[in-house]
Amino acid sequence: MAEITSINQLKGAQVDAMVQELKSLDPLLDRRLDYVLNQTQCTKAEALEYITLSSPMLWAKVYLDWQARDYQVAIMEQSKNSRSVVLRLGRRLGKTDSMCVLILWHAYTQINKGPNNQYDILIITPYETQVNLIFDRLHQLIDNSPLLQGMISRDIHHRIELSNGSKIIGLTAGSKSGSGAANTRGQRADLIVLDEVDYM
């Protein structure tokens, strides 16, 4: 599914096929579509785009070709509305994967954007190896998405900028050096992502 750059490009039968595929992730999708179509003057493709943008899980399936595991569904759905989310799961259960998908969804939708025309996402980890791991996964997801590939305006060490004004910045908290979080001081953020907090 990640080959498309917008659901709005799809025609009738293609939209219907996508709806059928997405219904496995959202059994109420037909009802949601009917509601949006009855409340607005938009096409079915526009209604599906609207619903997809409002759900990190559907957006990830369409634009990243990433599907949440059953226990990740709650993470994805809670993260779109909550002011803070804490994940405490065992190793290798997809915390970083979920986090990276949510980072890209926030960077694309800018869901809580303020009036200053900026959208900064700050990722803070205790060690540089963890920042590297997160940015490696972000790049893998972006490489699988023509939509996001076309939006990259700048990509340098631990900093990705999108054409919509979003910036994804990775920093370390300086836990090993004893410098504390000196390099995070003064940084602005619309979304803050902390990873491996027990080591900070």
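One is the number of the first residue; the rest follow in order along the sequence. Here the structure is a predicted model, which means the values were calculated and not measured.
Taking each heavy atom of S163 and S153 in turn, the nearest pair found is N-OG, 4.0 Å. What you find for W105 and L53 is that their closest heavy atoms are NE1-O, 2.9 Å.
Rounded to the nearest 0.5 Å, atoms CD1 (I51) and CG (D26) are 8.0 Å apart. The OG atom of S79 lies 11.0 Å from the CE atom of M99; values are rounded to the nearest 0.5 Å. Going from atom CD of Q130 over to atom CG of L133 covers 5.0 Å, rounded to the nearest 0.5 Å.
Inter-residue side-chain proximity for Y119 and L162 is flagged as unmet; no heavy-atom pair is nearer than 4.5 Å. For the pair L102 and V193, the minimum side-chain heavy-atom distance is 4.5 Å or more. Using a 4.5 Å heavy-atom threshold, the side chains of L147 and L64 count as separate. Contact annotation: the side chain of H158 approaches that of N132 to within less than 4.5 Å [non-hydrogen atoms, C-beta and beyond]. In this structure, the side chains of I123 and D195 stay at 4.5 Å or more apart for every pair of heavy atoms. The shortest distance between side-chain heavy atoms of E21 and K61 falls below 4.5 Å.
Taken together through direct or relayed side-chain contacts under 4.5 Å among Ile, Leu, Val, Met, Phe, Trp and Tyr, W59 and V19 form part of one hydrophobic cluster. Hydrophobic cluster membership differs between Y35 and L37, with clusters built from Ile, Leu, Val, Met, Phe, Trp and Tyr side chains linked at under 4.5 angstrom.
Each of Q118, Q110, H106 was checked for a side-chain hydrogen bond (donor to acceptor under 3.5 Å, both in side chains) with S166, and the lone residue meeting it is Q110.
In this structure, Q78 places its CD atom where only 12 or fewer heavy-atom neighbours from other residues, nucleotides or ligands lie under 6.0 Å away.
Proximity of a side-chain donor or acceptor of S145 to a complementary backbone N or O of Y63 within less than 3.5 Å is detected.
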